[in-house]
Amino acid sequence: MARLSTGALLRYLRGNVEEKATLQVLGMKLIDNKAGEDNQNRRYRLMLSDGKNTFSSCMLGSQLNSLIDNSELKENSIVRIEKCMCNVIDRQAGKFVLMIADLSVVVSTADKIGDPVVLPLTNISNNNLPTKSEPQDDIVVPNTTAPASKTNVIRQGSNVLPTADRLVNGKKGGNTNNTNNNNSNSTKPERIFTIDIWTIRARVTNKTAVRTWENARGKGQLFSCDLCDETGEIRATAFGSDCDKFFPMLEIGNVYYITKGTLKTANKQYNQTNNDYEMTFNHDTLIEACTEQTQIPETKFNFIPISEIAQRDPNSIVDVIGIVKSVSDIQRIVGKQSQKEFTKRDILLMDDKAKLSVTLWGQQAEEFDGSSNPVLAIKGAKISDFNGRTLSCLQSSIVKINPNIQEAHEIRTWYDNEGFEMDVEDLSTKTDRERMTPFKTIGQITSEQLGSNDKPDYITCKAICLMIKKDSVVYMSCPAENCSKKVIDNGDGTFRCEKCNASHENFKWSYMANAEISDSTGSQWITLFRNEAEALFGITPEEFGQMKSNNDEEAINAVVTKAQNNEKMFKLRIKIDNYNDEQRLRVTCVNISDVEYVNNVKQLLVDINQLTAS
DNA sequence: CCCCCCCC
């Protein structure tokens with residue numbers, strides 16, 4: 001039976017955020033946001049109860065808004081806090097915000113439990129952390145409404161500060177050591193205090209050297225660093241004197257409380273963190289080292305499959321993980337422009353679908369030990385389009401060997417069990433034609449006049465097969481190997497091939513199917529030959545030909561119908577050619593594959609970001 | 001307010 005975790009709210013505010021407490025939602029309020037119409041970023045503030053106390057500065061992560069939208073999470077719901085953070089706004093004044101990064105709804109519809117009172121915020125900074133709930137105080141859900149214990153969870157003798165809410169209401173808290181008043185209407189919603197000052201507790205995962213800059217706007221110095229906490233990451237930069245002040249304070253790997261700073265939209269072109277904003281440290285910024293133990297991850301990776309690098313734009317920045325298949329020796333080269341000498345080392349990195357060459361530079365190259373096929377995780381490598389696709393690490397790239405993260409364990413297991421004997425597509429040896437199959441819509445075939453160059457254009461589009469010319473799916477072709485020329489039935493049991501200039505005793509069925517495919521932007525007739533037609537129909541040309549010989553209309557209809565109306569990825573070769581003095585667009589399908597929706601959506605997001613960035 | 005990151 002679910003129980004509320006008595007005392008959990010105080011423990012959270014004291015920093016014991018690892019606890020997965022069961023709490024009741026006594027109130028929720030949509031917070032006014034400046035971008036009022038921005039439905040994505042709307043924020044709810046919850047009043048949570050642990051059965052004994054309530055705390056109403058609990059911000060619900062916006063990714064959890066759907067729980068409210070679908071009424072799974074509502075007033076009096078009982079929830080389990082899966083992940084939260086305590087944001088200290090002003091420790092002395094007892095201003096805290098509990099950020100709910102993840103929760104699960106234990107009981108959606110419930111009655112109010114107990115008679116909790118507003119949590120008096122004591123000197124939370126005392127280190128005497130209760131680490132587990134007190135079972136004797138647990139309140140059974142849902143069939144008891146026993147009043148909360150008379151004992152306040154706050155330690156005897158502690159300095160009790162007024163609650164944040166009381167401060168907002170303009171009252172002095174005084175000694176509220178025993179605030180447990182069963183008559184108090186503690187569910188009365190308090191005003192939220194304005195969160196115009198924030199504090200994050202974050203780990204520095206990367207830091208640049210101090211660099212000087214000079215351009216038309218002036219000159220100066222700067223450094224930047226990447227910060228991450230349990231919920232995300234952000235890049236921060238300091239200029240001028242702020243640079244002098246903060247550079248020596250921040251050390252890679254350490255955790256800091258950072259208060260105040262300017263936020264601006266991130267320039268995705270240069271910012272490899274997964275955040276729409278970036279931070280500038282300014283005169284008001286306060287940075288304080290955090291010496292407590294935290295669960296803040298070392299580095300936040302946003303891995304993409306290696307195969308997806310083929311679809312991404314050159315020069316874009318990605319995170320990848322893979323097995324080091326092989327490693328080159330150190331090479332020394334001289335830069336063309338700079339005339340400086342660089343050292344480099346190439347690594348062949350593979351996952352379950354593809355492999356490619358990754359270049360490390362300088363110290364990273366020299367110190368790299370790739371023996372015994374380690375897992376390599378790279379954050380912030382640049383895609384280069386030399387020799388197909390390769391990756392190049394930057395000074396800012398984070399390269400981790402055998403990191404202790406889930407994805408690394410998964411790929412290790414895969415490689416040791418089966419991957420070691422697999423071969424996968426090599427993105428770094430492909431010809432231009434093979435790799436240049438960007439995602440496009442059918443409408444773009446016309447709008448971009450694809451196929452009008454000397455070389456054919458190759459695109460990949462997500463489309464549905466609308467119609468198939470079912471009478472001309474297969475034809476009788478020359479049985480000779482490497483010849484698929486249509487044969488003429490001599491009527492005497494032999495079949496003439498003009499190409500081989502010979503008559504054969506038999507023929508073979510070959511595919512040449514015509515299909516109309518469509519997406520939201522248009523439709524296009526395409527031709528499919530053996531591999532692609534076989535992928536579309538799911539049967540061999542011989543099987544199809546047999547049905548045709550048997551005049552088995554019903555079977556043919558069944559096969560054709562099944563091939564229609566499915567969404568697939570069509571890789572197309574597009575070329576205008578002359579046929580009987582007439583120009584016509586030939587669109588040949590060169591590959592059909594299933595839509596990988598996760599990758600497809602990621603690609604769409606990349607496209608959308610590029611549209612909004614420009 | 002930077003935004004360069006190398007070579008075949």
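Excluded from the calculations below are hydrogen atoms, water molecules and symmetry mates; all remaining heavy atoms, backbone and side chain alike, are included. To find a chain, count down the sequence lines: A is the first, B the second, and so on, and within it residues start at 1.
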query = Any chance the side chains of T359(A) and S392(A) put a donor and an acceptor closer than 3.5 Å?
reply = no
Donor-acceptor pair under 3.5 Å, E278(A) side chain vs dC3(B) base = yes
ask   = Heavy atoms under 4.0 Å, any strand shown: does K382(A) hit a base, just sugar-phosphate, or nothing?
value = sugar-phosphate
inquiry  = Taking the nucleotide of DNA chain B with the nearest heavy atom to each, does F239(A) or F386(A) sit closer to the 5' end?
reply    = F239(A)
query = When you check the side-chain N and O atoms of Q444(A) and T441(A), is any donor under 3.5 Å from an acceptor?
reply = yes
request  = Identify whether any heavy atom of R345(A) sits under 4.0 Å from a base atom; if not, whether one sits that close to sugar-phosphate; answer base, sugar-phosphate or nothing.
outcome  = nothing
Nucleotide nearest K344(A) when distance is taken to its side chain, options dC3(B), dC8(B), dC2(B) = dC8(B)
note = Separation of dC7(B) atom P from E341(A) atom CD, nearest Å, is 13 Å
message = So, does N215(A) get its side chain near the phosphate of dC2(B), meaning an N or O under 4.0 Å from OP1 or OP2?
response = yes
request  = Round to a whole Å and report the spacing from CD1 of I330(A) to P of dC8(B).
outcome  = 18 Å
task = Using whole Å, report how far CG of D226(A) lies from C1' of dC2(B).
result = 14 Å
task = Would you indicate, yes or no, if dC3(B) has its OP1 or OP2 atom less than 4.0 angstrom from a side-chain nitrogen or oxygen of R211(A)?
result = yes
d(CD1, I317(A); P, dC2(B)) in whole Å = 18 Å
ask   = Got a salt bridge between D351(A) and K353(A), using NZ or NE/NH1/NH2 to carboxylate O under 4.0 Å?
value = no
query = When you measure from the side chain of T359(A), which nucleotide among dC7(B), dC5(B), dC2(B) comes out closest?
reply = dC7(B)
task = Could you check whether S224(A) gets within reach of a base, just the sugar-phosphate, or nothing at all, counting any heavy atom under 4.0 Å?
result = nothing
inquiry  = Assess, by modelled atom type and distance only, whether the side chains of N404(A) and E298(A) contain a donor and an acceptor separated by less than 3.5 Å.
reply    = no
task = Specify the separation, in whole Å, of atom CG of L222(A) and atom P of dC4(B).
result = 12 Å
key: Interatomic distance, D242(A) CG vs dC2(B) C1' [rounded to whole Å]   = 14 Å
remark   = Between CZ of R217(A) and C1' of dC2(B) the distance, given in whole Å, is 10 Å
query = If you measure only the distance, is there a donor-acceptor pair under 3.5 Å linking the side chains of N282(A) and T285(A)?
reply = yes
query = Could you state the CD-C1' distance from Q339(A) to dC7(B), rounded to the nearest angstrom?
reply = 12 Å
